[in-house]
Amino acid sequence: MNKIKIYSRYSDTMTKMKKAASSTLFLIALLCMGCDSGTISHHAASEPQDSLSLTMEGDSTLYGLACDGCNDTILIFLPLSDTSRNPDTFNVLNANRQHRVFGYPKVGDRVAIMPNAEDSTVADVVVNMEDIIGAWCYEAKPFLRKRADMSGLSQRQIMNRLSDSLQQLLSVTHEQGIQLNGDNTARPIGTFRPKQDDEEDLIGYPTMKRYRQWRLYNGKLLLTTTVPDSLGQEHATGTDTVGLVFLEHDSIALLFNDTIQGFYRKEKE
């Protein structure tokens, strides 16, 4: 499993050719072949909308299907809110130039757009929902919890006092991350070393938030922690607003406050 690399050349992101769509997406693509004539099959039109198509107050995000004819300049977009209408055409040239197109929409992919406030034919942000859904991980590096007897010592002096086994533990990373599901639920991914003795208790790992819900909101990613009540209903306890830096099928980078965290896609075992 390769670690994610934060790429410095974002301009190449949208020009890369993606691998062929899976058989499931191919079936969806066939349903969308009627987009250029403004029609879609009865089966697709009668399917219930999922929670990604629901709108939160103040959210301008629109959800739909990418139709034949999409490129780096335009997005042919069939809204999920009315699949019987003619598809819309959005200009995405500036969004591409500003690295605000995340993923590479293919025919039949579900996409989210944030339209320009002044020109309804322009999309300021485009997100390929097929690419954002999945398990995203990174390797968390350990840190050393300092004891009272380490006060005033330099880093080198501290390391010289550590046993070989403890120094070896400081090189062991742990996989952490988040699973983003298609129904807007989420779950944390992570393995942690159980406390075994006083020496190993000196090794710590970054605290991982236990996100349980997610969604897009005006071009941002909302990650929410929840707790269940006595009836099993989840209630939000806090929400982090996270920026999208880039998105490809196998990698994503997110901006948490002032820190960019890269993730790699964890494939199903």
Side-chain angles (χ1 to χ4, degrees), residues 1-10 13 102-103 131-181 184-215 220-228 234 236-269:
M1 205 177 284
N2 295 326
K3 298 180 182 178
I4 176 72
K5 294 182 179 179
I6 303 298
Y7 303 113
S8 61
R9 47 185 182 85
Y10 292 119
T13 300
F102 302 100
D131 283 339
I132 202 172
I133 293 171
W136 298 105
C137 298
Y138 64 94
E139 296 294 331
K141 296 181 179 180
F143 61 86
L144 182 67
R145 297 189 179 99
K146 293 185 178 181
R147 299 178 304 210
D149 60 355
M150 296 179 182
S151 178
L153 298 179
S154 67
Q155 186 67 24
R156 175 175 292 183
Q157 290 173 325
I158 292 175
M159 294 301 294
N160 289 336
R161 290 192 174 195
L162 299 180
S163 66
D164 291 343
S165 61
L166 193 55
Q167 291 188 40
Q168 185 176 7
L169 286 176
L170 283 171
S171 65
V172 178
T173 60
H174 284 175
E175 187 176 69
Q176 295 182 0
I178 182 174
Q179 168 83 39
L180 302 178
N181 299 315
N184 290 108
T185 60
R187 69 174 180 83
I189 299 172
T191 56
F192 301 91
R193 181 184 298 277
K195 184 188 297 184
Q196 296 181 6
D197 53 45
D198 291 340
E199 186 177 70
E200 289 195 4
D201 192 35
L202 287 174
I203 303 298
Y205 286 85
T207 302
M208 182 180 62
K209 287 194 175 182
R210 303 182 67 82
Y211 296 116
R212 294 295 185 180
Q213 293 179 353
W214 75 277
R215 71 167 296 119
K220 301 286 187 178
L221 184 64
L222 299 186
L223 298 176
T224 302
T225 56
T226 66
V227 294
E234 297 285 339
T237 58
T239 298
D240 290 339
T241 301
V242 179
L244 289 168
V245 179
F246 76 81
L247 170 65
E248 295 186 351
H249 175 72
D250 60 354
S251 58
I252 192 173
L254 302 176
L255 178 62
F256 293 84
N257 295 322
D258 296 326
T259 303
I260 294 177
Q261 176 63 59
F263 299 78
Y264 55 85
R265 183 184 294 276
K266 182 179 176 67
E267 301 294 347
K268 294 182 180 180
E269 299 178 352

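FYI, the numbering just counts along the sequence from 1.
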**OP:** Could you point out which residue of T224, T239, T185, L221 forms a side-chain contact (heavy atoms from CB on, under 4.5 Å) with W214?
**Re:**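 Testing W214 for a side-chain contact (heavy atoms from CB on, under 4.5 Å) against T224, T239, T185, L221 leaves exactly one candidate, L221.
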
Subject >> Test side-chain contact (heavy atoms from CB on, under 4.5 Å) applied to Y211 and L222, L223, T226, the passing residue >> reply: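 The single option meeting the side-chain contact (heavy atoms from CB on, under 4.5 Å) with Y211 is L223.
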
Does some side-chain heavy atom of [Y] sit less than 4.5 Å from a side-chain heavy atom of [X]?
X	Y	answer
W136	Q261	no
L244	L254	yes
R212	R187	yes

Gap between atom [atom2] of [Y] and atom [atom1] of [X] - 0.5 Å precision:
X	Y	atom1	atom2	result
T237	R210	OG1	CZ	11.5 Å
C137	Q179	SG	CD	8.5 Å
T173	L170	OG1	CG	12.0 Å
F246	F102	CZ	CZ	10.5 Å

Original post:
So, the side chain of R265 versus the backbone of I252: is there a donor-acceptor pair under 3.5 Å, distance only?
Top reply: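 Such a contact is absent between R265 side chain and I252 backbone.
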
Subject >> Minimum-distance pair of heavy atoms, taken over all atoms of S171 and P142 >> reply: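 Here S171 and P142 meet closest at N-CG, 4.4 Å.
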
Original post:
Which atom names give the shortest non-hydrogen contact between R215 and N184, and what distance separates them?
Top reply: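 Answer, listing the atom of R215 first, then N184: CB-ND2, 3.5 Å.
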
Subject >> Trace of the side chain to side chain contact (heavy atoms under 4.5 Å, CB included) decision for E139 with E175 >> reply: CA-CA 5 Å; E139 296 294 331; E175 187 176 69; 4.1 Å; yes

Subject >> Plane angle bin for F256 and F263 - parallel if under 30°, tilted between 30 and 60°, otherwise perpendicular >> reply: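 Plane angle between 30° and 60°, so tilted.
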
**OP:** Not counting sequence neighbours, which residues clear side-chain hydrogen bond (donor to acceptor under 3.5 Å, both in side chains) with Q213? List them please.
**Re:**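 Checked Q213 against side-chain hydrogen bond (donor to acceptor under 3.5 Å, both in side chains); zero matches.
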
Original post:
Taking only residues two or more places apart in sequence, or in another chain, which ones meet L255 in a side-chain contact (heavy atoms from CB on, under 4.5 Å)?
Top reply: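 Only V245, I260 meet the side-chain contact (heavy atoms from CB on, under 4.5 Å) criterion with L255.
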
